[in-house]
Amino acid sequence: MSMFDYDARPVTAQVVLVGAPSSRAAYEIRDFLARNGRAFEWVDAGQPDAVQATLGSAHVPASSLPVCLLPDGSQIASATVQTVAAGLGMLAPPSRSDYDLVIIGAGPAGLGAAVNAASEGLSTIMIESVAPGGQAGTTSMIENYLGFPTGISGSELATRAAVQARRFGAELLLARPLADVHGDGDGPGYIATLSDGARVRGRTLLFASGVEWRRLEVADIDELLGAGVYYGAGPSEALACTDSQVVVVGGGNSAGQAVARFSRYAEQVTLLVRGTSLTGSMSQYLIDRLGELPNVEIRLRSRITGFDGGDRLRAVTVSSALDGRPESVPADALFICIGGTPRTDAAAGIGLAMNHAGYLVTGRDSADGPGRNWALAREPMPLETNFPGIFAAGDVRYGSVKRCAAAIGEGSMAVALAHRRLAELDDE
Amino acid sequence: MSEPRAATSRKVAVQPDFAALASDDRIATAAKSLEANGIRSVIAGSGAEAREIVGGLLPEGAEVFNNTSRTLEAIGVADDIEQSGRYQPLRPRLWRMDRKMQDREIRTLAAAPDYVVGSVHALTEGGSMLIASASGSQLGPLVSGAAHVILVIGGQKIVTDEAAGIRRIYEYCYPLEDARARQAYGVPSGVNNILVINKVIWPGRVTAIIVKERLGF
């Protein structure tokens, strides 16, 4: 019992999730709720007393798990992110069919654009597949963001930005990824179709869809996803890592932030880095911070080559480039923070220009080269793709700086350019 | 130096006299006194009416901290704040934060909400309000941290003067709160801090809604 438990605990019923610790579906729901700022209680289905107290019956068929108990008392069996989001009323439809600006992604770039666009009077909507904040939203503490001398967590920054955007009138559609983008046959502008079939038309469109964590190419990894193996920093899992052995893979700031977070809870955290140094990929303050943590070990030139576990992760096999010998490292949880792969699947259909790795090409680069379809007499603007009025900002853009502040800056810059495009359309 | 009075668990019988609903005249007197002390006062005929009044005072989208309060739970205001989606409730937001990494954010947010909604333990006929707290964390926002304060007060909480208010806290509220804390949190409560608000110098900052019903304790 701490002051926190006494003073900050919600006084009304919250979401309760009952599931098996090794359940991938349960992890996805925990991750979704945590990243969307929803307080919830996790009940291990293997604890009969806790299950009895929650559901009124100690035995729940495995086929019904995970079970989600909503604040209104209703239960969702075999719950998924979609059914939980729907049950919590988080799947509001768009309020209109046409917008000045449709933003794909609500990470730092998307939120930066939304705040600026909505505050300047543009009708604005964001389409987000999971939760506001993107990769930065899972960052435990950003200490070099301007104006926050003692740091701010990524989730708090995202929460504030989402509130700010909504306050100016921007809409945010959650838990539904973009399925397709195509031109509007009736005029300039683009139609964005969501995974649930909802459609919105934007006179301009901004891709701020960010990057996904790059998949680790190790045999049988998919069997352990959500059961000890997680992509990203797993903010919902910090408490579960208390006194445990944690392994983090990656050499960037996201990996460093994850290590800093889990070191507060875990007995031991091992950071595996493929390269020969962290300098160049991680901010110096984070390198310094990790060096001060007594329960953190950094292994350079190391990679995972196998897993030990049944229904749940027990250890990882680590091979070092220094001696080449595999070593088993105990691991209750593995967090993979290597990234990323640009989220541009939905952009491929319309023919947006990308580089060989799938990043969206913008500015002068976008009009060059074969098959890039630039249709106007003027050159593309700096963040404009090869389609007039479709912009890209943040991590998804080729050549972008992979930093939160840079993404926010690009998002706001994209709005200034969208204004120019809208003026162009008004003059036609 | 003597021990502080009842900072920890004591075996105290609940004094039932403090549960009696005040007359309309006493309620009117207390309301008038509050106004004289710079506290906006409203009299509600029922808990339901008080709930509507609170809803009218909280702007859509406001950042709101609801203090732990049986009164707010009983009349549905706690549900309105935490569950309706009309506001930004701070409790669920604080609850999901990483307690070790976000300690400063938690303290900052809890200390200075836009709106705090709560109750008091005693209201004197002279327009003073007494609030006791085990941790004390709710008292700072009431005094100055929150931009706006809304207090819902059951009509049984009116007492003659400050001395009677102190007695009400020790002899009536404390045993009931102690039992509640043991059941809800598994720990005892304690009269560790007492706030007395005699006067508010910022007009309109604090609104007290006195309800002609027994609410909370």
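In what follows, every heavy atom counts, from backbone to side chain, and hydrogens, waters and symmetry copies are set aside. Residue numbers begin at 1 in each chain, while the letters A, B, ... track the order of the sequences.
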Proximity breakdown for [X] and chain A, heavy-atom pairs closer than 4.5 Å:
X: B:Asn67; result: neither
X: B:Ile81; result: neither
X: B:Ala78; result: both

> Just wondering, are more than 12 heavy atoms of other shown residues or ligands nearer than 6.0 Å to CZ in A:Arg96?
Replying inline: yes

> Does atom CZ of B:Arg107 have more than 12 heavy-atom neighbours from other groups under 6.0 Å away?
Replying inline: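 It does: B:Arg107 CZ has more than 12 such atoms within range.
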
Contacting region of [X] [heavy-atom separation from chain B under 4.5 Å]:
X: A:Thr159; value: side chain
X: A:Ile152; value: both
X: A:Thr150; value: side chain

> Which one, B:Leu90, B:Asp79, B:Asn66, leads in non-hydrogen pairs under 4.5 Å with chain A?
Replying inline: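 Going by pairs under 4.5 Å, I would pick B:Asp79.
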
>> Once rounded to the nearest 0.5 Å, what's the spacing between atom CG of A:Leu17 and atom OG1 of A:Thr54?
In response: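 Answer rounded to 0.5 Å: 10.5 Å.
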
> Is the closest basic N to carboxylate O distance between A:Glu237 and A:Arg30 below 4.0 Å?
Replying inline: yes

> Do NZ/NE/NH1/NH2 and the carboxylate oxygens of A:Arg166 and A:Glu171 come within less than 4.0 Å?
Replying inline: no

